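What follows is one structure encoded as structure tokens, with my remarks underneath.
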2 protein chains.
Amino acid sequence: MESHSRQVTLDEVAARAGVSRSAASRVLNDAPHVSKAKREAVRRAIAELGYVPNATARALASRQSGSVVLAVSAEDPAVFADQFVAEVVVGILSVLEETDLELTLVTATSSRGQQRLEKLLRSRTTAGVMLMSMHGDEPIARLAEDAELPVVFGGQPLTFEPRYYVDADNRGGARLATEHLIGIGRTRIATITGRMDEAAGTARYKGFQETLAVAGLDPRRVVHGDFSEDGGQRAMTELLARHPETDAVFVASDQMAIGALGALTAAGRSVPSDVAVVGFNDIPMARHTTPPLTTISQPIRSLGREMARMLHAVLNGEHPSPLILPTRLVFRDSAAGPSCR
Amino acid sequence: MESHSRQVTLDEVAARAGVSRSAASRVLNDAPHVSKAKREAVRRAIAELGYVPNATARALASRQSGSVVLAVSAEDPAVFADQFVAEVVVGILSVLEETDLELTLVTATSSRGQQRLEKLLRSRTTAGVMLMSMHGDEPIARLAEDAELPVVFGGQPLTFEPRYYVDADNRGGARLATEHLIGIGRTRIATITGRMDEAAGTARYKGFQETLAVAGLDPRRVVHGDFSEDGGQRAMTELLARHPETDAVFVASDQMAIGALGALTAAGRSVPSDVAVVGFNDIPMARHTTPPLTTISQPIRSLGREMARMLHAVLNGEHPSPLILPTRLVFRDSAAGPSCR
DNA sequence: TTGAAAGCGCTAACAA
DNA sequence: TTGTTAGCGCTTTCAA
């Protein structure tokens, strides 16, 4: 883990410019109290010597850090290949690119990951943390608090409302989806929920229930899934067994919806004429299923962007309010209206 | 960018344990020359005080760094949502998880990104670099060399052979694909290439050409694409116009192949009976196209893993050899044999 | 085996 | 507006 190259120091810059190190340091951080002439001289020296400050020394002396971490609570680094997470990362990076913050990626839940994260947070290398996809009660949140680092949540944890978070309007999205199914004339509407130990799962379920209640429809056709494709398939099979009269289903994630489409096909039900399907997330594959999937789109990349912006604001001493991002219905064939029957 | 929490220092640990700071430091780095008794005392003190070493101070004093960066040469952080890149990240993380190295993500090509990367590399915060998806001549490679940091390439740059790299056997994969098309009896075989300013693009094209040459078939049905879905669609349309007799096509990426399938359908050609299609990469969506896409699978996650392993080895003073990872044919309906006609 | 002392390269009081 | 002086918390000689 060695580094070799000859480092140009601030002292050398100062010497070259014929000023004190403090003066050079002031110029570097464009602090006041430096004459125009010296400022210029230092700038020139920096350019000539190709000086780049040693970030480590700087961090040590100033007790500040130029990097933030994104911690995703998952067993396996494979989460970062998840379309959803990947898009969040993209959003975050696109904002950080405009700042001087670097992004470090960690998984928070694996046996070793937990320890590593704690070490990372307490080793004073990090200015702040973004936390994602929390199921249930999260020790990680406490971890960050212990380290007294600013934390921004992506999605809300189930057990408490954090000070800073960005979330999608899951409940509203579920309402949109369910209203759409009602709107195209379905009356025996079911749902396959996500994990009920995640806020996104419960919120979408609530949105579903309340919409049916308002419409005076029976909200009891419910099977619980786990957000996975396989889980969706199993859940759909179970749903057909328990409620064969079902003519529409709101599935709490596209991944599950894909599994559900498979189960429907296997059961000889055609989509959407026998059973209309609406998913949630609008993952890229949703356009390519058979039939293409009607779904609720959430602005995932914006979620990442807003998380990064919020953290940045907190690091600058501001106190931003939590943010709920809107969702919208993306209309495709899997829940087309009567005209398409 | 402030941090607040009270830091426990090594001095406090030493005091608590009743030893000198040097002794405590030795225990921390399990260096020799510490009596068993003291070692134990220090260990206890560390546990009791919940001491976590300040990584920044450590890095400054030891001139070592515990983080490596993955730089992807792209204009836009959106590359990190690319399935391919995301899988590489996963592979890298899965290896780094076992070490004490953290991963920092950067895009290398955006106007600002280039500067940021240079700063990052020269600011002595980083132990080493992994570089990905280089088109043509890469200033970034020079950058890292200037900083005298170990660099591992993922994929080979076009203009020079780096000391350390991991690549997939693109040429061999293209050969597999083309041989398969010949094997199912096609004779008027075309290709849609990738970007010819990327090594992967040229290598796959070469594999295609040489296989047709060996088989005595005409290798001149060629349209150049750009690895994108839209590009694939355009290329296929052009191919059909210029070589309407084409009965098979090797498409240098699945993304392009998806576009090509669209163009074929639009042109009323059925796949595979009129035109057989083989892609490259085996992205998740390949299983879900109509018809499902025969393709060349490369061990993307392994690519990431091996990059991380290689960098780790270099950081430990070893000199690993470049690595070429094998590819294999994944057989699906888009290039089924005659029996399926 | 031990500890004292001297930095790592920078920032931040403080005094001038 | 300047420069001097202490550190930041750790590692690493060096002499004991």
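Given the structure is predicted, the values throughout are model-derived calculations rather than measurements. Sequence lines set the chain letters: A, B, ... in the order given, protein chains first and strands last, and positions in each chain run from 1.
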Minimum heavy-atom distance [X]-[Y], with the two atoms named:
{"X": "B/A127", "Y": "B/L149", "value": "O-CD2, 3.8 Å"}
{"X": "A/P53", "Y": "A/L28", "value": "CB-CD2, 4.0 Å"}
{"X": "A/F80", "Y": "A/V106", "value": "CZ-O, 3.7 Å"}

Within residues 30-39 of chain B, the residues having a heavy atom closer than 4.0 Å to DNA chain C are B/H33, B/V34, B/S35, B/K38

Applying salt bridge (charged side-chain N to carboxylate O under 4.0 Å, His left out) to B/D11 and not counting sequence neighbours gives B/R21

If you restrict it to nitrogen or oxygen atoms, what contacts under 3.5 Å exist between nucleotides 4-7 of chain C and the protein, and what is each distance?
from  : atom 1 : to    : atom 2 : distance (Å)
C/dA4 : N7     : B/S22 : OG     : 3.4
C/dA4 : N6     : B/S22 : OG     : 3.0
C/dA6 : N6     : B/R21 : NH2    : 3.4

Rounded off to whole Å, could you give me the [atom1]-to-[atom2] distance for the [X] and [N] pair?
{"X": "A/R58", "N": "C/dC10", "atom1": "CZ", "atom2": "P", "result": "8 Å"}
{"X": "A/L60", "N": "C/dA12", "atom1": "CG", "atom2": "C1'", "result": "13 Å"}
{"X": "A/N54", "N": "C/dC10", "atom1": "CG", "atom2": "P", "result": "6 Å"}
{"X": "A/L10", "N": "C/dC8", "atom1": "CG", "atom2": "P", "result": "14 Å"}
{"X": "B/R122", "N": "C/dG9", "atom1": "CZ", "atom2": "P", "result": "14 Å"}
{"X": "A/Q64", "N": "C/dT11", "atom1": "CD", "atom2": "C1'", "result": "10 Å"}

Its 5'-most and 3'-most nucleotides having an atom under 4.0 Å from a non-hydrogen atom of chain A, DNA chain D is contacted over D/dT1 to D/dG9

Sorted by position of nearest nucleotide on DNA chain C, 5' first, the leading residue of B/G18 and B/A57 is B/G18

Per nearest nucleotide of DNA chain C, the residue lying toward the 5' end, A/P53 or B/V19, is B/V19

Hits for side chain to side chain donor-acceptor pair (under 3.5 Å) against B/E318, two or more places apart or cross-chain, chain-then-number order -> none

Sequence neighbours excluded, the answer for side chain to side chain donor-acceptor pair (under 3.5 Å) partners of B/R163 is B/H319

What distance do [X] atom [atom1] and [Y] atom [atom2] have between them, rounded to the nearest 0.5 Å?
{"X": "B/M132", "Y": "B/M307", "atom1": "CE", "atom2": "CE", "result": "6.0 Å"}
{"X": "B/H33", "Y": "B/S22", "atom1": "NE2", "atom2": "OG", "result": "12.5 Å"}
{"X": "B/H312", "Y": "B/I92", "atom1": "NE2", "atom2": "CD1", "result": "14.0 Å"}
{"X": "B/Q156", "Y": "B/L158", "atom1": "CD", "atom2": "CG", "result": "9.5 Å"}
{"X": "A/E12", "Y": "A/L49", "atom1": "CD", "atom2": "CG", "result": "6.5 Å"}

